[in-house]
Chemist: 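First the structure, which I've put down as structure tokens, then a few questions once you've had a look.
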Amino acid sequence: MSLWNRLFSDLRLPYSLSSSVTGSDPGQLAFLRAMKKDLQQDRVLESPLESLEVVVVDLETTGFFPQKGDEIISIGAVAMRGTTILEAERFETLVNPQRTVPPEIEALTGIRTEDLAAAPELLAALSRFFSFVAGRTLVAHHSRHERDFLQAGLWKTSRSKLAHRLLDTTLLLRLDDRTLENASLDALCERHNLHIEKRHDAYHDALATAKLWSIYLERAMVKGFRDLLMIYEYIGRRM
């Protein structure tokens, strides 16, 4: 086994990152070591909420079932520190799914098959995305969709598993006193007068999700929650 293969195996990192960290560049090696430290220690549970660093992500896909051949066609993400959205730290890319985009998905997202011809394929797109994420925690709204497709994509491209913690916005919604009959992204944005510039666009949906995360994170801190561990323990006692 090569040095780089051993390194990725030891770190439990997606091997899809190898396309951007080949060779022996000291800066790349430092990046990997820092990510290893973040992921292995997973200090996120005890990190103060006001300084918690996350990357909010949204995916557009050809359908809802990666196990049945549906693929990622767009990744959008924005970084946050506490309740602050770091709009300068944004990520977006189209992804070539190597298949046609169904007409209903074209109508929903505006992404056409021909738009993806020159887009990076999944391996390259995931490599760029996880380089952007580094050791930060992921956040998504109704995160099962993102989790399933990221896991499927990593396994397909590199036989690796999703090593990053992925938080769901509903974690914070559970702390809200008011009952939510509809927790869809559209309903929550309407409730908080948040405008989504381009719905079913991965980056703009991620940005809207980040704004919701900011609102409910602020509420959690007002209620006295200091870190994610306190939130988990509180929800656990209520179940």
Side-chain angles (χ1 to χ4, degrees), residues 13-14 16-17 20 35 38-39 42 44 47 52-64 66 70-95 97 105 108-109 111 119-158 160-173 183-186 188-189 194 196-217 228:
L13 297 178
S16 53
L17 284 171
S20 62
M35 182 180 284
D38 286 340
L39 293 178
D42 196 10
V44 65
S47 297
L52 179 65
E53 295 196 6
V54 303
V55 170
V56 184
V57 60
D58 185 84
L59 305 178
E60 300 300 333
T61 58
T62 60
F64 300 102
D70 285 321
E71 300 284 352
I72 297 170
I73 57 175
S74 179
I75 305 173
V78 62
M80 297 185 67
R81 183 178 297 110
T83 60
T84 302
I85 298 172
L86 309 175
E87 294 194 41
E89 290 193 48
R90 58 183 284 178
F91 178 92
E92 56 183 325
T93 184
L94 294 175
V95 184
I105 300 300
L108 183 69
T109 65
I111 300 174
E121 294 183 2
L122 184 60
L123 177 62
L126 289 177
S127 174
R128 286 181 53 210
F129 173 64
F130 281 106
S131 294
F132 170 76
V133 175
R136 292 179 287 198
T137 296
L138 296 172
V139 170
H141 187 64
H142 291 175
S143 62
R144 181 174 179 177
H145 181 256
E146 279 69 28
R147 183 184 303 278
D148 286 351
F149 275 91
L150 289 175
Q151 286 182 337
L154 287 170
W155 187 254
K156 177 181 179 180
T157 57
S158 57
S160 60
K161 297 180 180 180
L162 181 62
H164 292 72
R165 182 181 296 275
L166 176 55
L167 302 175
D168 197 303
T169 50
T170 57
L171 176 70
L172 299 183
L173 295 180
S184 69
L185 184 60
D186 289 306
L188 288 169
C189 285
L194 298 176
I196 306 178
E197 185 173 331
K198 188 179 179 184
R199 186 70 168 98
H200 298 296
D201 171 89
Y203 170 73
H204 287 102
D205 283 359
L207 182 58
T209 300
K211 292 176 181 178
L212 287 173
W213 179 262
S214 178
I215 290 170
Y216 285 95
L217 189 66
L228 289 173

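In this chain, numbering begins with 1 at the start of the sequence shown.
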Chemist: Applying side chain to side chain contact (heavy atoms under 4.5 Å, CB included), can you list everything that pairs with E89, at least two apart in sequence or on another chain?
Modeler: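 Residues passing side chain to side chain contact (heavy atoms under 4.5 Å, CB included) with E89: A79, L86, F132, R136.
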
Chemist: V78 and side-chain contact (heavy atoms from CB on, under 4.5 Å): which single residue from V139, I85, T209 fits?
Modeler: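 That would be I85.
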
Chemist: Sequence neighbours excluded, which residues qualify as side chain to side chain contact (heavy atoms under 4.5 Å, CB included) partners of S214?
Modeler: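 Residues passing side chain to side chain contact (heavy atoms under 4.5 Å, CB included) with S214: M80, T83.
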
Chemist: Throw together a table of side-chain donor-acceptor distances under 3.5 angstrom for residues 143-151, partners on residues two or more places apart or in other chains.
Modeler:
from : atom 1 : to   : atom 2 : distance (Å)
S143 : OG     : D168 : OD2    : 2.9
H145 : NE2    : T61  : OG1    : 3.1
E146 : OE2    : L59  : N      : 3.2
R147 : NH2    : L166 : O      : 2.9

Chemist: Does the S127 side chain pair with the main chain of L123, one donor and one acceptor, at a distance under 3.5 Å?
Modeler: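 Flag not set: sc S127 to bb L123 has no pair under 3.5 Å.
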
Chemist: Just so I know, are the side chains of T169 and L188 near enough to count as touching, which here means a heavy-atom distance under 4.5 Å?
Modeler: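 Result no, sub-4.5 Å side-chain heavy-atom pair not found.
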
Chemist: So, using side chain to side chain contact (heavy atoms under 4.5 Å, CB included) as the criterion, who are the partners of I215 when residues are at least two apart?
Modeler: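 In terms of side chain to side chain contact (heavy atoms under 4.5 Å, CB included), with neighbours along the sequence ignored, I215 is linked to H192, L194, R219.
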
Chemist: Could you measure the distance from the CZ atom of F129 to the CG atom of L138? Nearest 0.5 Å is fine.
Modeler: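 So the CZ of F129 and the CG of L138 are separated by 5.0 Å.
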
Chemist: Is the backbone of A210 close enough, under 3.5 Å, to the side chain of H141 for a donor and an acceptor to pair up by distance?
Modeler: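 Checked: no pair found.
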
Chemist: Taking side chain to side chain donor-acceptor pair (under 3.5 Å) as the definition, give me every residue that meets it alongside D58, ordered by chain and number, with sequence neighbours left out.
Modeler: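 Partners of D58 under the side chain to side chain donor-acceptor pair (under 3.5 Å) test: none.
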
Chemist: Less than 4.5 Å apart, any side-chain heavy atom of E60 and any of D205?
Modeler: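 Yes. Closest side-chain heavy atoms under 4.5 Å.
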
Chemist: Might you point out which heavy atoms bring A206 and G76 nearest each other, and give the distance in Å?
Modeler: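 Closest approach of A206 to G76, heavy atoms only: CB-O, 3.6 Å.
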
Chemist: Quick one: CG on L217 to CG on L212, what's the gap to the nearest 0.5 Å?
Modeler: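 Reported value, rounded in 0.5 Å steps: 12.0 Å.
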
Chemist: For the CG atom of L172 and the CH2 atom of W213, what is their distance to the nearest 0.5 Å?
Modeler: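 Reported value, rounded in 0.5 Å steps: 4.0 Å.
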
Chemist: Can you list the steps and then say if I111 with I105 is a side-chain contact (heavy atoms from CB on, under 4.5 Å)?
Modeler: CA-CA 7 Å; I111 300 174; I105 300 300; over 6 Å; no

Chemist: Run the side chain to side chain donor-acceptor pair (under 3.5 Å) test against T109 and tell me which residues pass, sequence neighbours left out.
Modeler: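 Here no residue qualifies.
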
Chemist: By side chain to side chain donor-acceptor pair (under 3.5 Å), which residues pair with R81, not counting sequence neighbours?
Modeler: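 With neighbours one apart ignored, the set is E53.
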
Chemist: Please find the pair of heavy atoms, one from R165 and one from T137, that lie closest to each other, and give the distance.
Modeler: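 Taking R165 first and T137 second, the nearest heavy atoms are O-CG2, 3.5 Å.
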
Chemist: Can you tell me how far NE2 of H142 sits from CG of L185, rounded to the nearest 0.5 angstrom?
Modeler: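 So the CG of L185 and the NE2 of H142 are separated by 9.0 Å.
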
Chemist: Can you see which heavy atom on I196 is nearest to which on A208, and at what distance?
Modeler: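 For I196 versus A208, the nearest heavy atoms are CG1-CB, 3.7 Å.
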
Chemist: Identify, with sequence neighbours excluded, every residue that meets salt bridge (Lys or Arg N to Asp or Glu O under 4.0 Å) alongside K156.
Modeler: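 By the salt bridge (Lys or Arg N to Asp or Glu O under 4.0 Å) rule, K156 matches E71.
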
Chemist: Ignoring hydrogens, what is the shortest heavy-atom contact between P120 and R128? Give both atom names and the distance.
Modeler: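 What the structure gives for the nearest pair is CG-NH1, 4.3 Å.
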
Chemist: Any side-chain heavy-atom pair from V55 and F91 closer than 4.5 angstrom?
Modeler: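 No, too far: nothing below the 4.5 Å cut-off.
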
Chemist: How far does CZ of F130 sit from OG of S160, to the nearest 0.5 angstrom?
Modeler: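 It comes to 8.0 Å.
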
Chemist: Got a sec, which residues hit side chain to side chain donor-acceptor pair (under 3.5 Å) with H204, two or more places apart in sequence or on another chain?
Modeler: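 Side chain to side chain donor-acceptor pair (under 3.5 Å) list for H204, sorted by chain: D201.
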
